[in-house]
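These notes concern the structure reproduced below.
Only a predicted model underlies this, so the values are computations on that prediction, with no experimental measurement involved. Numbers here are sequence positions counted from 1.
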Amino acid sequence: MSNYELQISMTELIEKKQLNDIATWMIPIKQTNLPSVLQGVFFMDGNPLPDTCITMYNLEWDTQNRTLVLPIFAPLQWTFHNSIAGWILLRSIQLLKATYKIQFEDETLQEAQIIPVFLGIPISRAIVTCTMSQDKNSLNGDIWYRKNVWFGGISRAGEYTLRKVVDKDGCYTPAFNDMLTRVKNECLVIVPHSN
């Protein structure tokens with residue numbers, strides 16, 4: 001376990017927050033060189049799991065390799081449903097130190113491979129191939145399609161659409177109000193411990 005992971009596991013707290021004011025708390029804590037199409041807060045529209053929103057803020061963008069490492073268990077990166085299933089998923093994510101390595105194909109940032117990593121071990125593409133594709137008609141990375149191919153095509157379970165609900169300037173997008181009509185307002189989020 002790296003020092004970063006140890007620090008997170010020892011200093012994290014879980015709080016209940018409201019999605020209707022997500023632009024006030026799921027924000028950049030530190031400046032990074034994250035490309036503008038990846039900035040903002042995204043709603044996982046159609047996600048069958050009990051989690052709702054993600055952000056890629058506060059993560060270091062590897063410009064040379066066009067790669068982003070997204071620790072799902074890091075503070076203020078992910079929201080979970082305030083339900084038994086949400087608590088179970090959140091705790092499982094923490095225990096497994098679940099991370100996504102997002103590798104874009106080229107400088108256009110239109111297509112990416114996502115490699116799930118649990119306890120530092122990447123999941124083989126023979127098990128699941130995960131991709132993220134920007135909608136060619138969406139402006140500023142507002143819509144992305146998350147696809148999963150399990151065991152070479154036996155199943156496509158767990159697919160959804162990422163819709164930007166807060167833009168890079170911290171303003172709500174038209175997708176924000178639609179999200180609020182489809183999910184419960186209260187959510188769970190991992191937050192940094194404040195001393």
Side-chain angles (χ1 to χ4, degrees), residues 1-9 12 22-23 25-45 47 49 51-80 89-90 93-94 96-125 127-136 138-149 158-170 173 175 189-192:
M1 185 183 309
S2 72
N3 289 339
Y4 175 69
E5 291 172 346
L6 184 60
Q7 180 183 1
I8 286 176
S9 65
E12 65 196 9
I22 197 168
W25 53 266
M26 192 173 254
I27 58 174
I29 297 171
K30 64 178 184 174
Q31 290 298 324
T32 65
N33 55 352
L34 188 68
S36 62
V37 295
L38 301 177
Q39 293 179 24
V41 176
F42 296 86
F43 166 47
M44 294 178 275
D45 186 4
N47 183 10
L49 294 176
D51 44 359
T52 307
C53 291
I54 68 167
T55 189
M56 292 172 248
Y57 282 139
N58 309 312
L59 305 175
E60 291 299 333
W61 171 252
D62 181 338
T63 306
Q64 184 175 355
N65 297 307
R66 298 178 306 278
T67 303
L68 189 69
V69 176
L70 173 56
I72 301 169
F73 59 91
L76 301 173
Q77 295 297 148
W78 216 271
T79 72
F80 301 85
L89 179 61
L90 188 156
I93 294 293
Q94 289 178 306
L96 295 172
K97 299 295 180 200
T99 301
Y100 284 149
K101 180 180 178 185
I102 306 171
Q103 172 75 59
F104 285 86
E105 291 181 1
D106 57 39
E107 307 77 35
T108 67
L109 306 184
Q110 292 287 317
E111 305 280 338
Q113 292 290 319
I114 300 175
I115 302 164
V117 179
F118 298 104
L119 296 173
I121 302 167
I123 302 303
S124 169
R125 291 183 69 186
I127 296 173
V128 64
T129 300
C130 304
T131 59
M132 187 169 111
S133 304
Q134 190 176 165
D135 184 305
K136 298 194 183 345
S138 75
L139 300 174
N140 307 315
D142 290 345
I143 300 172
W144 297 82
Y145 302 109
R146 271 281 294 106
K147 302 291 182 187
N148 302 313
V149 177
E159 298 185 333
Y160 55 87
T161 302
L162 282 170
R163 299 187 189 281
K164 194 176 287 189
V165 292
V166 180
D167 68 19
K168 66 184 181 77
D169 299 316
T173 71
V189 67
I190 299 167
V191 297

Heavy-atom side-chain contact between K97 and P71 under 4.5 Å: no

From L76 atom CG to I27 atom CD1, the distance as rounded to the nearest 0.5 Å: 8.0 Å

Flag, side chain of R146 to backbone of T131, donor-acceptor distance under 3.5 Å: yes

Residue pair V189 / W25: nearest heavy atoms and the distance that separates them: CG2-CZ3, 3.9 Å

Point-to-point distance, once rounded to the nearest 0.5 Å, from CG of L59 to CG of N33: 10.5 Å

Non-neighbouring partners of D169 that pass side chain to side chain contact (heavy atoms under 4.5 Å, CB included), sequence neighbours left out: D167, C171

Exercise: identify the closest heavy-atom pair between R66 and E105: NH2-O, 3.1 Å

Nearest atoms (heavy-atom pairs only) where G141 meets K164: O-CE, 3.5 Å

Worked verdict on M132 versus L38 for side chain to side chain contact (heavy atoms under 4.5 Å, CB included): CA-CA 12 Å; M132 187 169 111; L38 301 177; 4.0 Å; yes

F43 vs I22 side-chain heavy atoms within contact, under 4.5 Å: no

Student check: side-chain heavy atoms of Q77 and T55 closer than 4.5 Å: yes

Rounded distance [0.5 Å steps], CG in D51 versus CG in L90: 9.5 Å

Side-chain heavy-atom pair T67, K101 within 4.5 angstrom cut-off: yes

4.5 Å side-chain heavy-atom contact, L70 and W78: yes

Side-chain donor-acceptor pair present, E111, S133, cut-off under 3.5 Å: yes

Check: T52 side chain, T79 main-chain N or O, donor-acceptor pair, under 3.5 Å: no

Atom pair OG1/CG of T129 and N148 - distance to nearest 0.5 Å: 9.0 Å

Side chain to side chain, M56 and Y100, heavy atoms closer than 4.5 Å: no

I93 CD1 to F73 CZ distance, which is reported to the nearest 0.5 Å: 10.0 Å

Any side-chain heavy-atom pair of T32 and Y57 under 4.5 Å: no

W144 versus Q110, closest heavy-atom pair with distance: CZ3-O, 4.0 Å

Shortest non-hydrogen contact from V166 toward A23: CG1-CB, 3.9 Å

CG-CD distance between D62 and Q103, expressed to the nearest 0.5 angstrom: 8.0 Å

Test item: Q134 and I143 side chains (from C-beta on) under 4.5 Å apart, heavy atoms: no

Over all atoms of both residues, closest heavy-atom pair of Y160 and N47: CB-N, 3.5 Å

Worked verdict on M44 versus L49 for side chain to side chain contact (heavy atoms under 4.5 Å, CB included): CA-CA 9 Å; M44 294 178 275; L49 294 176; over 6 Å; no

